[in-house]
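Residue numbering restarts at 1 for every chain, and letters A, B, ... go by the order of the sequence lines. Any value given below was found using the heavy atoms of this structure, including those in side chains, with hydrogens, waters and symmetry copies removed.
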Amino acid sequence: MCQKDKENLATVYGPKQVENRLYERWRQRGYFRAGATADAGTTAGAAGGSAAGSAAGTLAGVTAGAAAAGAAADAGTTAGAAGDSRERFAIVMPPPNVTGSLHLGHAMDETEQDILTRWRRMQGRDVLWLPGTDHAGIATQAKVEEKLAQEGKSKYDLGREEFLRQVWQWKDQYHDRIARQLGTLGCSCDWGRERFTLDEGCSRAVREVFVTLYEKNLIYQGDYLVNWCPKCRTTISDIEVEHENESGFLWHIRYPVKGEPGCFAVVATTRPETMLGDTAVAVHPEDARYADLVGKTVILPLLNREIPIIADRMVDPAFGTGAVKITPAHDINDFETGLRHGLAQITVLDENARMTELAGPYAGLDRYAARERIVADLTALGLLEKIEDHQHAVGHCYRCDTVVEPRISRQWFVKMRPLAAPAIQAVKDGRLRFVPARFAKVYLNWMENVRDWCVSRQLWWGHRIPVWYCGDCGAAICRRETPAICPECGRPNLKQDPDVLDTWFSSGLWPFSTLGWPENTADLRAYYPTSVLVTGRDIIFFWVARMAFLGLEFMGEVPFRDVLIHGLILDSQGRKMSKSLGNGIDPIELIDAYGADTLRFTLMTGTTPGNDLRFQRERLEATRNFCNKIWNASRFTLMNLAAAETGAGAEAGAEAGARAGTGTGAETDADADADAGTETGASGNAGEAGTGIAAGGETGAEACAGGQLALADRWITSRFHRCALEVTASLEAYDLGAAAQRVYEFLWDELCDWYIELIKPRLYGKETPASRALAQRTLTETLRGTLSLLHPFMPFITEELWQHLPHEGETIMLTPWPAGDPALLDEKAEAAMGLVMETVKAARNLRSQFNIGPGKKADLILLTDDPGIAGDLAICQGYIAHLAAAGHITLGDSRRERPRQAATAVVSGVEIFLPLAGLVDMAAEAARLKKEAEKIKGETRALEGKLANGAFLAKAPAEVIAKEEAKLADARYRLAALEARLTMLED
RNA sequence: GGGCGGUUAGCUCAGCCGGGAGAGCGCUUGCCUUACAAGCAAGAUGUCGGCGGUUCGAUCCCGUCACCGCCCACCA
């Protein structure tokens, strides 16, 4: 056949079209809705013996919360609905910012959530995955301002109202884009419950929280030194400041001591321009060098202002000169020192980081220009003692990267200590669990050292602070509802605080504000606390911590049980993806090229929970190939079902055969043209071999005549259930990568490479019809089960293929999760197949070494002295012959004469001979075997040494010793066999 | 200055409770074998960063050093 006739994924699947179609269908049929799967036509519970909570079927009726959309209030009818006894599973989606589009990090985050929700849904739980977006105050505002700037306008030209109107437009545009992207990724979230941090319900929650905290004295207003971004012209919180190490200078400046000419206090500073705001010089109280200076006065150069020399323990005598200039208005340490000593605060930098009037001759200069001028002027005055190179951390705005300026201003703060305590406790006593656990430490360290949270922002886009000031009596009024008149003086002259809240204030309420709080809604009762929060390790402080303490404060309970933290996605060189580097990758572009399933699966594998992922395109190709493998395995299955004489038979078999793996169940439906050759076994002891496997011929399939599964069928069934058990366990442990990898290996290595190859003769009708029917049935069942295991990871291709296979129900999404049944594990079948596989591999190896092409049959002689193995070989010789392309297989024990002209291999318990009349260079063969023997000798010696070691025998556990003994016995066997062969060759 | 992660095949990374060193890609050889050449079969490749320690036994546990990366931090 010519290559162009072959079929691969790309030629037929057309991922994009298929994906769009399937997603629309899922969505329209309401499969994503929480509390409503009952009427979605699920078959859950029907066949799914082990599937939990199968009760879904009957509890119809409850209409999902489609109507609950925007306004939180009463999604009432939905989930809490009495009588739905299914266990619940809830995730609120970390709301993407409406600043732009989703990046690869989002794709990873959403994929993890989708996997968990799809899996839990298949397990029969009532699943809520609530989507939404974040208004992202400063970030979005900056984007829109940027856009305006390109048009040559500023927000002030528009005014607050018009500006906000434009931001809403922006929001709509990007919201839609994000929603589309989530769909493209396959996210099975409940769109009927979608929320936005600035929608009516969330805004109400924000106000409720602010006012309540205010009333509890946990929010206060005050003049403090805060982080100020001169570009964004707003405050930012401590965690919004990014410290970067930069090389700068340490200027040593002489401050003349008053009344003592020639006497100086030399201070060292990294920011000479702030000296204009100095109100003291500080030294350590025990610093002998300066003991007699304390209490004296120095003249502040340039301004000639008199300031005191004070003693304070904050000074490190070992640093710089041991004397520090104190600028309370522009440095956090100095601010605090100033408070201790009652020093004045002189603000010399304004909101644009220009020098103020108080800076005298420098007024109006930018901070850096002022720095240059001041250094020059000091030099001219001979007051600059020296300049040292100096490394120090400089704070930058996390949004615009501008150097942050500490600045005194009146702001609103949340008192953190009382709120942090319960949030610390919750993690310590395990009510809130981090996965991986190490992130708990990061969280605790922050929470234990947290400072009050500055929540006011000088922005327009966000939740307005619910405080009004009376223009007449000056009262400040904090209210849930907008007041009409001043409650103090009764006049209507009220003006609302112009500031808005930190964007994280509203996202901190996300797990309950989205469920309808402060109303006591059914959704809130049903789904709070949520099951798990999935997010990146970069926002543990920003978001996870805030949700934790706000949830505890307002709901009295943690907002989620588990926090699943994943790493960041790095580029192929290990750098963080960022806009400035231009190394970001658009997930949609990747999906267009490879399909959503491929992207999802790739993001889930090749990393460990919590660790960063270095992204490489080559890995996408590998996954794409896996998709192709799935496609073709399914195509193969379908082709062979269609070829079945009745078709109906195949389907009937498929239906009934699901649980037939016990080996007894299906007796009736296969027509019994019984015993073709129950005793074809070669060596005498075959029949009753310890394995208990029914005897067989060609591919061991004659067992099927009695309606029993052949060895291969039992083997793959056992392997499948083992796989399902392990995959389920990995998912329970949130090890999504391990789960994905496990199915990958099962499908490719075991189902495709071995099972499908094994049953081809049966499928092609070379054996009995019963045998063929059972092979078809087992293959179909196993494939369908594997698709189910794969579905959470690759929703589209699995759905598409599932629809083509014989199936029940409407969608694979709602079929019972194959948890794996320990009762169907079949150690004997696995052991027997293990022997087959080992033997086949050895035989293939020989063929390969002696260049026997695949088309060429070659006989095999298999010798063993072990009766158990002999029995298995007898049963399996059909398999071996088929897979190793052997013409005739001769079985025997070592009394049988070994062929002279033959290549040899030895595996555990079996000698394998490939007779090659005239083809074997006996000398070369001897050399090859000798080398092999040497290797085994090494193994043997090592094992013997170990087993002769008294300490080992005395202290190692019995099973380890037994294992080592078995290994030694095996090695000795192989060695003896090789040596016997060698002696023979040398004769 | 603290804390965390990493160091395993040429590359990217898995390796749970200590006993077998692994996967994918790449590489070598042979194959268009009636599901798949995006494939099949057979191979090669490692001081598991260094040094100590614990142990019958260490890639795994402990200590220490080195290098890479990240986070936190008010030493001007």
Side-chain angles (χ1 to χ4, degrees), chain A residues 1-3 5-10 225 239 243 250 267-271 274 282 314-316 318-321 323-327 331-337 390 392-393 395 406 436 438-439 441-442 445-446 449 537-538 540-541 567-568 570 572 574-576 605-608 610-616 618-619 621-640 729-730 733 735 737-738 741 744-745 752-753 756-757 760 764 841 844-849 851-855 885 946 949-957 959-961 963-964 967:
Chain A
M1 175 177 279
C2 162
Q3 203 167 302
D5 296 334
K6 309 246 173 156
E7 191 166 288
N8 68 35
L9 199 62
L225 195 73
I239 44 176
H243 295 275
L250 200 52
V267 300
T269 181
T270 54
R271 301 203 57 196
T274 63
M314 61 78 73
V315 180
D316 174 4
F319 186 87
T321 61
V324 190
K325 61 192 265 316
I326 302 295
T327 322
D331 181 279
I332 182 65
N333 271 321
D334 296 1
F335 178 78
E336 283 162 9
T337 307
H390 185 60
H392 62 145
R438 70 183 132 94
F439 289 107
K441 208 169 163 180
V442 177
N445 181 52
W446 184 76
N449 298 295
R537 56 155 225 256
D538 50 333
I540 292 176
F541 307 139
L568 276 29
L570 310 176
S572 60
R575 301 172 306 180
K576 222 187 249 188
T605 50
T607 187
T608 313
N611 283 4
D612 292 347
L613 172 69
R614 198 178 287 215
F615 191 81
Q616 301 183 117
E618 299 76 56
R619 295 195 50 246
E621 284 167 29
T623 310
R624 190 262 328 259
N625 293 352
F626 176 56
C627 287
N628 192 39
K629 196 70 180 175
I630 301 168
W631 180 266
N632 275 298
S634 303
R635 203 164 62 92
F636 175 82
T637 303
L638 286 166
M639 282 168 58
N640 285 290
S730 290
D735 197 345
Q741 193 61 35
Y744 178 103
E745 284 162 9
C752 291
D753 287 350
I756 286 184
E757 292 308 321
K760 275 180 177 171
Y764 295 158
K841 277 188 207 163
R844 283 170 173 170
N845 187 339
L846 287 180
R847 291 173 59 99
S848 173
Q849 290 197 40
N851 274 320
I852 300 170
K946 205 169 190 179
N949 181 344
F952 173 73
L953 294 173
K955 299 193 177 175
E959 69 254 33
V960 171
I961 296 175
K963 205 170 144 192
E964 297 297 312
K967 266 154 65 180

Spacing of the C1' atoms in B:C61 and B:U29 (rounded, Å): 43 Å
Phosphate OP1/OP2 of [N] contacted by [X] side-chain N/O (<4.0 Å):
X	N	answer
A:N625	B:G39	yes
A:N851	B:U29	no
A:N640	B:U34	no
A:Y744	B:A14	no

Regarding [X], tell me which of base, sugar-phosphate or nothing describes its non-hydrogen contacts under 4.0 Å with the strands shown.
X	value
A:A956	base
A:L568	nothing
A:P957	base
A:F439	nothing
A:S572	nothing
A:D753	sugar-phosphate
A:D538	nothing

Expressed in angstrom and rounded to an integer, what is the separation of [X] atom [atom1] from [N] atom [atom2]?
X	N	atom1	atom2	value
A:R619	B:G24	CZ	P	13 Å
A:Q616	B:C11	CD	P	11 Å
A:N845	B:C40	CG	C1'	16 Å
A:K946	B:C56	NZ	P	14 Å

Considering only side-chain heavy atoms of [X], which listed nucleotide, [options], is closest?
X	options	answer
A:R635	B:A35, B:C25, B:G30	B:A35
A:E757	B:U55, B:A38, B:A35	B:A35
A:T608	B:C25, B:A14, B:A41	B:A14
A:E964	B:A35, B:G19, B:G5	B:G19
A:F952	B:G24, B:A35, B:G19	B:G19
A:K841	B:A35, B:G19, B:A42	B:A42

When you measure only distances, ignoring hydrogens and angles, does the side chain of [X] come within 3.5 Å of the base of [N] through a donor and an acceptor?
X	N	result
A:R624	B:A38	yes
A:K441	B:C4	no
A:E745	B:A14	no

Between [X] and [Y], which heavy-atom pair has the shortest distance, and what is it?
X	Y	result
A:G320	A:A268	CA-CB, 4.2 Å
A:D612	A:T607	O-OG1, 3.5 Å
A:A956	A:I961	O-CD1, 3.6 Å

Is there side-chain contact between A:P406 and A:I332, with heavy atoms separated by less than 4.5 Å? no
Scan side-chain atoms only and decide if A:T605 and A:R619 contain a donor-acceptor pair under the 3.5 Å cut-off.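 Looking only at side-chain atoms, A:R619 and A:T605 do form a donor-acceptor pair, the distance falling under 3.5 Å.
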So, A:E621 and A:N625: side-chain donor and acceptor under 3.5 Å apart, yes or no? no
Per-nucleotide protein contact string for nucleotides 68-76 of chain B, where B marks a base within reach and S marks sugar-phosphate only (heavy atoms under 4.0 Å, - for neither): --SSS-BBB
Looking at A:D331, A:T274, A:D334, which hits side chain to side chain donor-acceptor pair (under 3.5 Å) with A:K325? A:T274
Pairing partner (Watson-Crick or G-U wobble, both distances under 3.5 angstrom) of [N]:
N	result
B:G5	B:C68
B:C16	none
B:G46	none
B:C60	none
B:G24	B:C11
B:U33	none

Donor-acceptor pair, distance only, cut-off 3.5 Å: does the side chain of A:N845 make one with the backbone of A:K841? no
Please confirm whether the backbone N or O of A:N445 pairs with a side-chain atom of A:N449, one donor and one acceptor, at under 3.5 Å?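 Here the side-chain-to-backbone pair exists.
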Both A:E621 and A:A951 contact RNA chain B. Which one's nearest nucleotide lies toward the 5' end?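 In this pair, the answer is A:E621.
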When the ring planes of A:H390 and A:F319 are compared, do they come out parallel, tilted or perpendicular, using 30° and 60° as the limits? perpendicular
